[in-house]
2 protein chains.
Amino acid sequence: MPRQVDHDERRRRLTEALLRIASTRGLRAVSMREIAAEAGVSLRVVQYYFTNKQALLESGLTELGARMDRRVKQRAAASGELTPRGVLAAVLGAILPFDEQSELDSMAWTAYYSAALTDPALAAVGVTLPNALEDFLTARLAAARQAGDIAPDRDPRTEVAGLLALANGLTSSVLSRQRSHAAATEIIDYYLDRLFGPAAT
Amino acid sequence: MPRQVDHDERRRRLTEALLRIASTRGLRAVSMREIAAEAGVSLRVVQYYFTNKQALLESGLTELGARMDRRVKQRAAASGELTPRGVLAAVLGAILPFDEQSELDSMAWTAYYSAALTDPALAAVGVTLPNALEDFLTARLAAARQAGDIAPDRDPRTEVAGLLALANGLTSSVLSRQRSHAAATEIIDYYLDRLFGPAAT
DNA sequence: CCGGAATGGATACAGTCGTATCCTAACAGC
DNA sequence: GCTGTTAGGATACGACTGTATCCATTCCGG
């Protein structure tokens, strides 16, 4: 076995190059040759480490999901809050684009989302994270209701679904510069106040 | 002047063909030749009535906006309610995909939205309607607050922005089959109850 | 030290893309 | 009826696409 190379590392570099193109110029600008150029390698190398363009695309979406997951956990840990509201605020805040990298990732995510509407393979990869997020938050909120932190007439599943949809919609408006990040955060806080009662965070 | 032809009518047919492709197979499947085939004409005809592919794309987005506008007005008129809540419910209900055609249009809209993130010309066309909608609803809600229909501590602009973002986010989840139309409507009603107080519609 | 697997450079292939060009009907005004 | 503009059929161009193939390295295990 000559010239052993770390395949995972190579694939990671290529996937990152793909996401860089997708987030700045859109998925339609992603081609095997463009990825090769962006990663500074030859076309053959891209072909060598990914059998297909499809496989490459799916790898990009998987990576995007992993990044979002990392951001959520990181933010939840950083805020350090263990209150239900703290968890919700951290997760929703991690969905909104809050710095340059997360904004780029959100753009790529948006491109993938619309591609998934007409590509079942991508759709299958893409639903994993949102579903996991919704289940996780629903469980947390159900526990909070048990503990009496929120009113018993609130349905945790409906609340979480609404808040997640809200965060996604706000992300869209932030990406299209209709709204600033600060304004979006304000709206989320506004709704959290409504849910938990107006408590200072 | 020989063989006079209704240019607007021809362009409309081509635009509709474009949207049919975009909503079922995505914007990336839209090509001049595909549009020609879908409309049952030759490639030359498509070129003849639209100078550019770009012009064709912009025409598609304009048409999507017009359809949405029509739907909003139609639903508002059909519900016949003049109450602030009725207007809000009608508009938000018109944003959600509620039948096959509006679902197809929502898919096309999503495709356009992500394309607009990397295409300034499309972005310019696409922001018109959402902004108009937000301004219209904000004015309505401000009037409602004046009239005492909602609590005076609610900020109309924030409320409207939140509700529109919510409707957009719910549309996404309905399109990706994460949620049914009924479930999405329920969530919207839930939030409207929160805003106006639990009144029967 | 050498045969063979791992890695990747160079190039080719068959399609498809947007756009441009050439040419022929069709028909209103003179 | 001739003319000139309008409407479109047919075809071509060069660029780009994903994928496949051929071939030269590199270097580990025997």
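On a predicted model such as this, the values are computed, not experimentally measured, just so you know. Here is the naming used below: chain letters follow the sequence lines, and residue numbers restart at 1 for every chain.
- At least one cation-pi condition fails for B:R194 and B:F196: the charged atom is not both under 6.0 angstrom from the six-membered ring centre and inside a 45 degree cone around its axis.
- For the pair B:R75 and B:F98, the distance from NZ or CZ to the six-membered ring centre is under 6.0 Å and the angle to the ring normal is within 45 degrees.
- When the P atom of C:dC17 is taken as reference, atom CD1 of B:I21 falls 10 Å away, rounded to whole Å.
- In this structure, A:H7 does not reach the C:dA6 phosphate: none of its side-chain N or O atoms is under 4.0 Å from OP1 or OP2.
- B:R33 has its CZ atom 12 Å from the C1' atom of C:dA20, to the nearest Å.
- Relative orientation of the A:Y49 and A:H7 rings is perpendicular, given thresholds of 30° and 60° on the angle between their planes.
- Summarising the geometry, the separation between CG on B:L14 and P on D:dA7 is reported as 14 Å, rounded to the nearest angstrom.
- In this structure, the separation between OG on A:S172 and CG on B:L164 is 12.0 Å, given to the nearest 0.5 Å.
- Between the CZ atom of A:R28 and the C1' atom of C:dT16 there is a distance of 14 Å, rounded to whole Å.
- Side-chain atoms of B:T15 and B:S59 include a donor-acceptor pair closer than 3.5 Å.
- Atom CZ of A:R20 sits about 10.5 Å away from atom CD1 of A:I35, to the nearest 0.5 Å.
- At a cut-off of 3.5 Å, with distance as the only test, no side-chain donor of A:D105 or A:S102 sits close to an acceptor on the other residue.
- At whole-Å resolution of the value, CZ in A:R10 and P in C:dA6 are 16 Å apart.
- Side-chain contact, B:Q54 with B:D119: a donor N or O sits under 3.5 Å from an acceptor N or O.
- For residues 38-54 of chain A, proximity to DNA chain D is found at A:L43, A:R44, A:Q47, A:N52, A:K53, defined as any non-hydrogen atom under 4.0 angstrom from a strand atom.
- Using modelled atom types and a 3.5 Å distance limit, the side chains of B:D135 and B:T138 yield no donor-acceptor pair.
- The nearest whole Å value for the distance from the CE atom in A:M32 to the C1' atom in D:dT19 is 8 Å.
- Near DNA chain C, meaning a heavy atom under 4.0 Å from it, residues 107-119 of chain A has no residue at all.
- Checked against D:dG8, C:dG18, D:dG18, the side chain of A:S31 finds its nearest nucleotide in D:dG18.
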